[in-house]
Every structure is written in structure tokens, then in C-alpha cells.
Amino acid sequence: MLEDAKAVKNRIRTAHRQRRATMTPRQLEAAGAALARHGSAWAGSLTGGAPATVCVYFGVGVEPPTLPLISTLHHNGHRVLLPVCEPGRELAWVFWDPDAGLEQSRFAPILEPRGERHGPDVAATAAALFIPATAVDVTGNRIGQGGGYYDKFLGHLATAGKNIPLAAVIYDEELLPAGQIPEEEFDRPVPAILAPSGFRSLAGG
């Protein structure tokens, strides 16, 4: 019997999380520095070096470390929006302040910023968007964390006619050949990935 799409995604997600769990602190530190370098360069290329709003997220545990990227973007003058999980798989957004701190989400195993919450209309003004993933294939099919928050948020942007440049953040080993990730009706493909080796546009982008 063939696996259904959800089972395939869960299998890939579990395998990649297990591999991530073997990473050393030195490997995580190196990955974070590389993501900051390449991600800030890409954001800067989109804005011509001018300050802008950029949506990121706070990677926890052995996820690709995004705090160096967040800090670099902030240092470069950008306003950084971080997500907050709300009921109904909706995302609110908070402008990051390095002094405001983070707290555990009520709805997901992530850390979220403290501060005033804004709706998707504010995030829709962003010049760039970095989103989490556990795997992406070269045609842009993405496996997220399993909560569906970003698929819903990207759906809101599409409905509003907003086409924000975006990249899914992964490790290099998590970019897969075409056909390995099944596509479901609610999925939103991504046009690019950011990995420690650099930024890469995808065939489906």
C-alpha cells in the first residue's frame, strides 16, 4: 500500500529532525553565522541597502539558528517582524526588540517575542520573508513543522495579491530532488531557500 502524502511528509520530517539532533554546538554556530551572512545579503539586495521591514522567525533547539540573522538585520537598520501563533492557526506579528525578550508559545513548541501584536496586513508590507521548513525540494514543495500556520499565512498574502520575496530556511542536506515531497491542496510552494551554503532560487519560483 502506498503511503499517503501526510505519512510521507511525517516520515521525512522525522528523519530530518533526528539528523538535526546530532548536530554539535560548533556546527550550529557555524550554520547560524552563514545564514546571517547570506540572508542579510539577500535582504539587502531586495531593498537596495535601504532599511525595510523583514519577516523572520526564531529558530529553536537544533532548527537552523536564525538569531544571528535577526540580529544582523536589526543592526543593518531593518525592522524585524517575528511571528506569534494565534488560535485557528493564524499568525500575528511583533516587531523584534532585543531588550523585550522571548516567551514560550501557547500553541506551538517555539519561542515568541513579547510586544504589541500586528495582523497580516502589517506583515504584508515586508520586503522579504524567511519561513521555517524541515525540507524543500528543488521545485519548491515544502515540508513545514506540521502546524499549517505558514501555509495559511501565505494563503492570506496570495488572496491579498501580495507577492513578497520569500525563502525557506533549511540545512543544505534538506534540499531534496524533485518528486520526493508530495504536494497537497493546501500547500504553498516556495520560490527559494536559504541554507548555510547560500541563497538559491528554485525551479518552481
pair Leu35-Pro196: side-chain heavy atoms closer than 4.5 Å: yes
Check: Arg19 main-chain N/O paired with Thr22 side-chain donor or acceptor under 3.5 Å: yes
Looking at CG of Leu175 and CD1 of Ile170, how far apart are the two atoms once the value is rounded to the nearest 0.5 Å? 5.0 Å
Could you walk me through whether Val94 and Leu81 pass the side chain to side chain contact (heavy atoms under 4.5 Å, CB included) test, one step at a time? CA-CA 5 Å; Val94 174; Leu81 279 171; 5.8 Å; no
Shared hydrophobic cluster, Val169 / Met23 (ILVMFWY, side-chain heavy atoms < 4.5 Å): no
Could you check if a side-chain atom of Asp137 sits within less than 4.5 angstrom of a side-chain atom of Pro177, using non-hydrogen atoms only? no
Between Asp151 and Arg142, is the salt bridge (charged side-chain N to carboxylate O under 4.0 Å, His left out) condition met? List the steps. CA-CA 10 Å; Asp151 287 316; Arg142 166 184 167 268; 3.8 Å; yes
Shortest non-hydrogen contact from Ala52 toward Thr47: CB-CG2, 3.6 Å
Of all the heavy-atom pairs spanning Glu173 and His16, show the shortest one and how long it is. O-CE1, 4.4 Å
For Ala135 and Leu176 the tightest heavy-atom approach is CB-CD1, 4.0 Å
Calculate, to the nearest 0.5 Å, the distance between atoms CD1 and OH belonging to Ile110 and Tyr149 respectively. 8.0 Å
Between Val56 and Tyr150, which heavy-atom pair has the shortest distance, and what is it? O-OH, 4.1 Å
Walk me through it: do Arg17 and Thr134 pass the test side chain to side chain contact (heavy atoms under 4.5 Å, CB included)? CA-CA 7 Å; Arg17 284 175 173 169; Thr134 51; 4.3 Å; yes
Ring centre gap for Trp96 and Tyr57 strictly below 6.0 Å: no
Nearest-0.5 Å distance that lies between atom CG in Leu166 and atom CG in Leu194: 11.5 Å
More than 12 heavy atoms of other groups within 6.0 Å of Arg20 CZ: yes
Working to the nearest 0.5 angstrom, can you tell me the gap between Ile181 CD1 and Ile143 CD1? 4.0 Å
Between the main-chain N or O of Gly59 and the side-chain N or O of Thr66, is there a donor-acceptor pair closer than 3.5 Å? yes
Taking a hydrophobic cluster as the set of Ile, Leu, Val, Met, Phe, Trp and Tyr residues connected by side-chain heavy atoms closer than 4.5 Å, whether directly or through intermediates, do Leu111 and Leu28 fall within one such cluster? no
Donor-acceptor pair, side chain of Arg13 and main chain of Gly144, under 3.5 angstrom: yes
Would a 4.5 Å heavy-atom cut-off, applied to side chains only, mark Val60 and Gln104 as touching? no
Atom of Glu63, atom of Phe58 and distance for their closest heavy-atom approach: OE1-O, 4.1 Å
Show, in sequence, the C-alpha distance, side-chain angles and deciding distance for Glu90 and His156, and conclude whether the side chain to side chain donor-acceptor pair (under 3.5 Å) test is met. CA-CA 10 Å; Glu90 297 286 354; His156 290 326; 2.9 Å; yes
Determine whether a donor-acceptor pair (N or O, by modelled atom type, separation under 3.5 Å) exists between the side chain of Asn76 and the backbone of His78. no
Backbone of Leu102 reached by a side-chain donor or acceptor of Arg114 within 3.5 Å: yes
Measure the shortest side-chain to side-chain distance between Leu129 and Phe153 over non-hydrogen atoms and say whether it is less than 4.5 angstrom. yes
With hydrophobic residues grouped by side-chain heavy-atom distances under 4.5 Å, do Val122 and Ile70 end up in a single group? yes
Approximate separation, where rounding is to 0.5 Å, of Cys55 SG and Ile131 CD1: 11.0 Å
What are the two closest heavy atoms between Gly140 and Leu202, and how far apart are they? CA-CD1, 3.7 Å
Stepwise, does the side chain to side chain contact (heavy atoms under 4.5 Å, CB included) test hold for Leu82 with Trp93? CA-CA 5 Å; Leu82 299 184; Trp93 297 86; 5.6 Å; no
Does the Ser45 side chain pair with the main chain of Trp42, one donor and one acceptor, at a distance under 3.5 Å? yes
Run the salt bridge (charged side-chain N to carboxylate O under 4.0 Å, His left out) test on Arg106 and Glu112 for me, step by step, so that the C-alpha distance in whole Å, both residues' side-chain angles and the decisive distance to 0.1 Å come before the verdict. CA-CA 9 Å; Arg106 293 181 299 156; Glu112 299 174 333; over 6 Å; no
Any heavy-atom pair between the side chains of Pro189 and Thr139 that's under 4.5 Å? no
Any chance CD of Glu29 has more than 12 other-residue heavy atoms, nucleotides or ligands included, within less than 6.0 Å? no
Would the number of heavy atoms belonging to other residues, nucleotides or ligands and lying under 6.0 Å from NZ of Lys152 be above 12? yes
With rounding to the nearest 0.5 Å, note down the distance linking CD1 in Ile193 to OH in Tyr171. 13.5 Å
Cation-pi between Arg79 and Phe95: NZ/CZ under 6.0 Å from ring centre and within 45° of the ring axis? yes
